[in-house]
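Everything on this sheet refers to the single structure shown next.
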Amino acid sequence: MSMISTSLSGPKSATSYCAPEFSGLRRLCPNNNTNNSHSPSFLRFTSPRKPLRRVLAMAGTGQFFVGGNWKCNGTKESITKLISDLNSAKMESDVDVVVAPPFIYIDQGGAFTGEISVEQLKDIGCKWVILGHSERRHVIGEDNQFIGKKAGYALSQGVGVIACIGELLEEREAGKTFDVCYQQLKAYADAVPSWDNIVIAYEPVWAIGTGVVATPAQAQEVHVAVRDWLKNNVSAEVASKTRIIYGGSVNGGNCAELAKQKDIDGFLVGGASLKGPEFATIVNSVTSKKVAA
Ligand code: PGA
């Protein structure tokens, strides 16, 4: 598995509730139970309950989802601060928040050489993995079929998949953006038994870590194409339910405009997820999809 994640936020319908409870990345609050495979944990940040709001700009029906992709960053000191900042941040309650720390900071003790198994991730309570990230595709050399296989296996073990897709700059310039994304989607579709526990992350490679964010229109154009692809190749129900999130230089300043796009159901955030208050701003960009009741 390329990255691991720990869900920090639970379903809005959760009956039991606990305040931010992170020490390192180990949950202190028991994961009581849930039938909702999208929201496996009851961990929450300190946001007070808000009145329900009318959703304005959402084509899909899934809850807003924001992932923090910490990649290979951080030290014990910086991660301790980040966790403390996240736990004290005020965040909207109706957002699924997931963070993906480097393996050795999972707070399990000991370091790992090389890869890690789904069984090990499950064993320490991880609920999600990030697969198909461009750094795995283009630096490590994972191909569509291999990524699909990993996705199928993770899902078969009950671990949710943040399934990344996205084109290189030269592919965009050659007018191949949709073709590349469709091929990547097909590889997942061929390998997974169901889409129930998958979030699709559209991450144009030219926008990742470059500071060059896709414009809201560029992102929306691909997101709507992805949703159409799901509708035509999987089912209308899956197209409506599946969260399609955007990643690539998302920050506190550009998230609100992106979030307003109908088919953007959240974000996968790299650099800005390493700053607790800025990450909270991105989580809270869900409000730009709504109006107060
Ligand atoms: P970035 O990374 O936000 O730093 O561009 C996004 C990602 O790699 O998921």
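The structure displayed is predicted, hence computed values, not measured ones. Side chains are part of it too, since the values below use all heavy atoms of this structure and drop only hydrogens, waters and symmetry mates.
- A distance-only check finds no donor-acceptor pair linking the side chain of Asp85 to the backbone of Pro277 [under 3.5 Å].
- For the residue pair Asn144/Gln184, the side-chain donor-acceptor check at 3.5 Å is not satisfied.
- Leu258 CG to Ile264 CD1: the interatomic distance, rounded to the nearest 0.5 Å, is 5.0 Å.
- For Trp128 and Phe65, the ring centers are positioned less than 6.0 Å apart.
- Using a distance-only test at 3.5 Å, with no hydrogens or angles considered, a donor-acceptor pair links the side chain of Tyr246 to the main chain of Ala214.
- Atom CZ of residue Phe178 and atom CD of residue Glu221 lie 4.0 Å apart, to the nearest 0.5 angstrom.
- Judged by distance alone, the side chain of Ser285 and the main-chain N or O of Ala256 form no donor-acceptor pair under 3.5 Å.
- A donor-acceptor contact shorter than 3.5 Å is absent between the side chain of Lys186 and the backbone of Cys181.
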Inset, instruction - Kindly determine whether Ile200 and Ile245 satisfy side chain to side chain contact (heavy atoms under 4.5 Å, CB included), including the steps that lead there. - result: CA-CA 6 Å; Ile200 296 172; Ile245 64 178; over 6 Å; no

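- Exactly one of Val118, Val161, Ile116, Leu155 qualifies for a side-chain contact (heavy atoms from CB on, under 4.5 Å) with Val129. That residue is Val161.
- When all heavy atoms are compared, the tightest approach of Ala259 to Phe267 is N-CZ, 3.7 Å.
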Inset, instruction - Give the intermediate values and the outcome of side chain to side chain contact (heavy atoms under 4.5 Å, CB included) for residues Ile208 and His133. - result: CA-CA 10 Å; Ile208 295 177; His133 192 279; 4.2 Å; yes

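- In this structure the side chain of Leu121 never reaches within 4.5 angstrom of the side chain of Val159, judged on heavy atoms.
- In this structure, the side chain of Glu203 does not engage the main chain of Gly166 through any donor-acceptor pair within 3.5 Å.
- Residues Pro216 and Gln261 come closest through the heavy atom pair CB-NE2, 3.4 Å.
- Between Glu119 and Lys122 no salt bridge is recorded (no basic side-chain N to carboxylate O distance below 4.0 Å).
- In terms of modelled atom types and a separation under 3.5 Å, the side chain of Asp263 and the main chain of His223 share no donor-acceptor contact.
- The ring-ring contact (aromatic ring centres under 6.0 Å, His included) search around Tyr188 returns none, not counting sequence neighbours.
- The distance from atom CZ of Arg243 to atom CD1 of Ile162, rounded to the nearest 0.5 Å, is 9.5 Å.
- Thr242 contributes a side-chain N or O that, together with a main-chain N or O of Val238, makes up a donor-acceptor pair within less than 3.5 Å.
- At least one side-chain heavy atom of Tyr202 sits less than 4.5 Å from a side-chain heavy atom of Thr177.
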Legend entry - Check against side chain to side chain contact (heavy atoms under 4.5 Å, CB included), Ile165 and Leu185: CA-CA 7 Å; Ile165 61 170; Leu185 284 170; 4.2 Å; yes

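- The nearest pair of heavy atoms linking Ile130 to Ala100 is CD1-CB, 3.6 Å.
- Contact annotation: the side chain of Asn251 approaches that of Glu278 to within less than 4.5 Å [non-hydrogen atoms, C-beta and beyond].
- Test Leu82, Val99, Asn284 against Phe279 for side-chain contact (heavy atoms from CB on, under 4.5 Å) and you get one pass: Val99.
- Side-chain heavy atoms closer than 4.5 Å link hydrophobic residues (I, L, V, M, F, W, Y) into clusters, and following such links, even through other members, never connects Val205 to Leu131.
- Once rounded to the nearest 0.5 Å, the distance linking OG of Ser273 with CG of Leu86 reads 8.5 Å.
- Scored by the side chain to side chain donor-acceptor pair (under 3.5 Å) test, Trp229 finds no partners at all (sequence neighbours excluded).
- The pair Glu77-Lys81 does not count as a salt bridge, with every side-chain nitrogen at least 4.0 angstrom from each carboxylate oxygen.
- Glu171 places a side-chain N or O within donor-acceptor distance of the main-chain N or O of Leu168, the cut-off being under 3.5 Å.
- Residues Met58 and Lys262 are not in side-chain contact: their nearest non-hydrogen atoms beyond the backbone lie 4.5 Å or more apart.
- Taking every heavy atom of both residues into account, Arg227 and Ala59 meet most closely at NE-CB, 4.0 Å.
- A salt bridge is absent between Asp265 and Lys289: the closest approach of a Lys/Arg side-chain nitrogen to an acidic carboxylate oxygen does not fall below 4.0 angstrom.
- No side-chain donor-acceptor contact under 3.5 Å links Arg137 to the backbone of Glu142.
- Closest approach of Ala272 to Val250, counting heavy atoms only: CB-O, 3.5 Å.
- A donor-acceptor contact closer than 3.5 angstrom links the side chains of Glu167 and Trp206.
- Residues Asp96 and Gln63 have side chains that bring a donor and an acceptor to within less than 3.5 angstrom of each other.
- Residues Ser78 and Gly74 approach most closely at OG-CA, 3.3 Å, considering heavy atoms.
- Between the side chain of Gln157 and the backbone N or O of Ala154 there is no donor-acceptor pair closer than 3.5 Å.
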Inset, instruction - Test side chain to side chain contact (heavy atoms under 4.5 Å, CB included) on Leu268 and Val199 and set out the steps. - result: CA-CA 10 Å; Leu268 184 56; Val199 170; over 6 Å; no

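- In terms of hydrophobic clustering, with Ile, Leu, Val, Met, Phe, Trp and Tyr side chains grouped at heavy-atom distances under 4.5 Å, Val180 and Leu230 are assigned to different clusters.
- With values rounded to the nearest 0.5 angstrom, Trp195 atom CH2 is found 14.0 Å from Lys241 atom NZ.
- Taking CG of Asp143 as the reference point, atom CZ of Arg136 lies at 12.5 Å (rounded to 0.5 Å).
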